Number of protein chains: 2
Amino acid sequence: MARSPNDTRRPLTLRDVSEASGVSEMTVSRVLRNRGDVSETTRERVLEAARRLGYVPNKIAGALASQRVNLVGVIIPSFSNLVFPEVLSGISSALEDTGLQPVVGVTDYSPEKEERVLYEMLSWRPSGVIIAGLEHSVNARAMLENAGVPVVEIMDVDGEGVDAVVGISHRRAGRHMAEAIIAAGYRRIGFLGTKMPEDHRARKRLEGFNEGLAAAGISLVDTEFYSGGSALSKGREMTEAMLARSPDLDFLYYSNDMIGAGGLLYCLEKGFDVPGQLGLAGFNGVELLDGLPCKLATMDACRREIGRKAAQIVARRASGAAGEAEDQIVELQPVIQLGDTIRTL
Amino acid sequence: MARSPNDTRRPLTLRDVSEASGVSEMTVSRVLRNRGDVSETTRERVLEAARRLGYVPNKIAGALASQRVNLVGVIIPSFSNLVFPEVLSGISSALEDTGLQPVVGVTDYSPEKEERVLYEMLSWRPSGVIIAGLEHSVNARAMLENAGVPVVEIMDVDGEGVDAVVGISHRRAGRHMAEAIIAAGYRRIGFLGTKMPEDHRARKRLEGFNEGLAAAGISLVDTEFYSGGSALSKGREMTEAMLARSPDLDFLYYSNDMIGAGGLLYCLEKGFDVPGQLGLAGFNGVELLDGLPCKLATMDACRREIGRKAAQIVARRASGAAGEAEDQIVELQPVIQLGDTIRTL
DNA sequence: GTGAAAGCGCTAACAC
DNA sequence: GTGTTAGCGCTTTCAC
């Protein structure tokens, strides 16, 4: 690991190891990659020299020569929304022993930035791309189509994918939640969620929710949207505002668990009869809910699982397995957890 | 963006653009990188051809030729701990307009994995490395020392850094919290935290906390440690267990806000007089706390700020600015927020 | 089992 | 303003 005293700060090359060990560059390369037959003695000599010098191979040169890159581009909207770190965690763990490494890019929910990040990533010729959502700019879509590597669009299956797709149907999720709420006898329902110009999944959930209500001949009584700030306290504020405006509501559907949890805490404090007089539900199934005084109804969005599956698809395809056709679309089924905030008749 | 009909799936090269535009490869390269003087007409012709073909430059080749890589390696223990996504968010935003791109690696709090991830990263010859913590294996430290690029160790300043360091003193943070608690008149204090074989920062906070208590002639009455599971509900369970065991405690110090919040919810439900009879405090200053029925005392760990600062150092150094000496150690000062769970005398 | 030669797709440096 | 030449540090291929 130590560097020689006459240290020039020039990064070490294969040649340095070759000279230090008296073995050709080619054989050094073979040893370092565990490829081809090398005698045990040469092997040891090379490894010893490499270790002693503190040689770190240059993957840039390696990638250029071999046309192989062990990087998987992952493009997500944000780190702030708890959901995406969880997806990354799933990707990261599934990639663990594949020799592949995730490289993360963030779009901040901006299609322009998504385009830039994607371009940037593709310029590193990754072994695959995992990207959140099905909605992309025309250019971004064209890049994905021509990337020449596996592309997995994640989180959402409601739409047309470029290649493989792993996610849930947010439209159906919304619809199912509506059905569960109606089945429980609630009728005067309010919706609280994010402003969603670019949050297509939240939008689809709301659309599905509205469809579910419409099928039962009812429609939303009130809606409230927010952006920015602490979701928990936003949930409180919005709930207070909505109940002040529409005191006769008997159900509040939140577009995510954090604002739902805020609303729940507010309702409990105010002494509302939950779930008798007022029912509540969120979305995502965040672990956080387990610690609340009473469990918010929610739906698991299968975040880690989506990450894992997507990474597996990339890994399999990258390893040369064919199967381009089999796993085009993987739809996971989120399950409603009634918790303590939807009454059972 | 469209590819020609006789599409061979071979990635396009500069040569393709050169031929399509009738301009030399070198000039095409100049246009695409906005470098050197190129006449407006050639420029247009090249851009038009590149766009039409859907050319994406190969940064691998570019990096090898120019010996420049616009990647910054970021090594964190986990995505699951809210803290690190926040740091990433800070890094990501500070790198925004620098042309640098973060590449994230995860260690799962394992020194061996840290070593592997670091090796992997360095093999891409990044422009800099940002790595959480000051504790590394001997090999990892040697790699950092010989990396030949800026290295910023973040989160913690209690120890010896390799190069630049940006963080807070967890030891002092613990000590200050102890002082604040004692100043408020609490005396029988319990500590609840993670099992921390590899969580050096939590360990240092606890050590500092103990020092602070010792200075006032007192010591911890009870301690409880957990690992895994939902922090919020763990906070509840641990609090219940500890108060059952040591009912005469008058203060609970939690190693993070999530378990603290769980404990707080539990205490409020049980009708404890907080902060009169029982005080509580956590650590981190997570946004979440804003939505709780009453605000948990905490200390801001300056997570985003640490990310920003670290990224700025890398960006500045990478851009050739000297200043190797000036900003070796940046210590941020976390501020105690008493909230509603430490009484004021 | 080992080595030599020829690139991978770009850019630095220099010529014109 | 534009083109030519010579690599960057590896791996592929083929010879021995």
Side-chain angles (χ1 to χ4, degrees), chain A residues 8-47 49-50 53 55-71 99 120 122-127 148, chain B residues 8-47 49-50 53-71 99 120 122-127 148 320:
Chain A
T8 57
R9 257 344 58 179
R10 172 181 59 71
L12 296 164
T13 68
L14 221 38
R15 175 181 216 113
D16 295 305
V17 181
S18 165
E19 285 170 359
S21 63
V23 175
S24 79
E25 283 187 44
M26 196 52 238
T27 300
V28 171
S29 167
R30 280 196 268 256
V31 170
L32 264 22
R33 286 176 299 141
N34 282 314
R35 218 152 281 244
D37 289 332
V38 180
S39 77
E40 198 46 43
T41 33
T42 0
R43 182 182 180 65
E44 307 251 290
R45 276 216 309 212
V46 169
L47 287 176
L53 298 175
Y55 172 70
V56 177
N58 184 332
K59 287 225 179 194
I60 298 175
L64 184 61
S66 68
Q67 308 279 55
R68 249 191 298 281
V69 179
N70 69 336
L71 261 23
E120 180 76 14
L122 291 179
S123 71
W124 286 100
R125 303 285 187 264
S127 289
Chain B
T8 57
R9 256 349 55 181
R10 171 182 59 72
L12 295 165
T13 68
L14 220 38
R15 175 183 216 111
D16 295 306
V17 181
S18 166
E19 286 170 358
S21 63
V23 175
S24 78
E25 284 188 44
M26 197 51 232
T27 300
V28 171
S29 168
R30 281 196 268 256
V31 171
L32 264 23
R33 286 176 300 142
N34 283 314
R35 220 153 277 246
D37 288 332
V38 180
S39 78
E40 197 46 43
T41 33
T42 6
R43 184 183 177 64
E44 306 253 288
R45 275 217 310 214
V46 168
L47 287 176
L53 298 174
Y55 172 71
V56 178
N58 185 333
K59 287 224 179 195
I60 299 176
L64 184 61
S66 67
Q67 307 279 54
R68 247 192 299 279
V69 179
N70 69 335
L71 262 23
E120 180 76 15
L122 291 179
S123 72
W124 285 99
R125 303 284 188 266
S127 290

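Only a predicted model underlies this, so the values are computations on that prediction, with no experimental measurement involved.
Among residues two or more places apart in sequence or in another chain, the side-chain contact (heavy atoms from CB on, under 4.5 Å) test is passed with B/Ala49 by B/Val17, B/Ala20, B/Ser21, B/Arg52. Among residues two or more places apart in sequence or in another chain, the side chain to side chain donor-acceptor pair (under 3.5 Å) test is passed with A/Glu25 by none. A search for side chain to side chain donor-acceptor pair (under 3.5 Å) contacts involving A/Asp37 returns nothing, not counting sequence neighbours. Here A/Thr42 pairs with A/Ser39 under the side chain to side chain donor-acceptor pair (under 3.5 Å) rule; sequence neighbours left out. In this structure, the side chain to side chain donor-acceptor pair (under 3.5 Å) partners of B/Thr13, at least two apart in sequence or on a different chain, are B/Asp16. In this structure, the side-chain contact (heavy atoms from CB on, under 4.5 Å) partners of B/Ser66, at least two apart in sequence or on a different chain, are B/Arg68. Under the salt bridge (Lys or Arg N to Asp or Glu O under 4.0 Å) criterion, B/Glu44 pairs with no residue, sequence neighbours left out.
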Next on the checklist: For a quick check, with a 4.0 angstrom heavy-atom cut-off, what is the B/S/- contact string for nucleotides 5-16 of chain D, read 5' to 3'?
Outcome noted: --BBBBBB----
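Within the 4.5 Å cutoff, the side chain of B/Trp124 has heavy atoms near those of the A/Val69 side chain. The closest side-chain heavy-atom distance from A/Glu19 to A/Val28 is not below 4.5 Å.
If one axis is set at each end of the helix from C/dG1-D/dC16 to C/dC16-D/dG1 from five pairs, those axes are 30° apart, to 10°.
Contact check, B/Ser39 against D/dG1: no side-chain N or O comes under 4.0 Å of OP1 or OP2. When the side-chain nitrogen and oxygen atoms of B/Ser24 are compared with OP1 and OP2 of D/dG3, one or more of them lie within a distance under 4.0 Å.
Atoms CG and OG1, from B/Leu14 and B/Thr27 in turn, are 10.0 Å apart once rounded to the nearest 0.5 Å.
Here chain A contacts DNA chain C (any atom closer than 4.0 Å to a heavy atom, that is under 4.0 Å), and the contacts span C/dG1 to C/dG9 from 5' to 3'.
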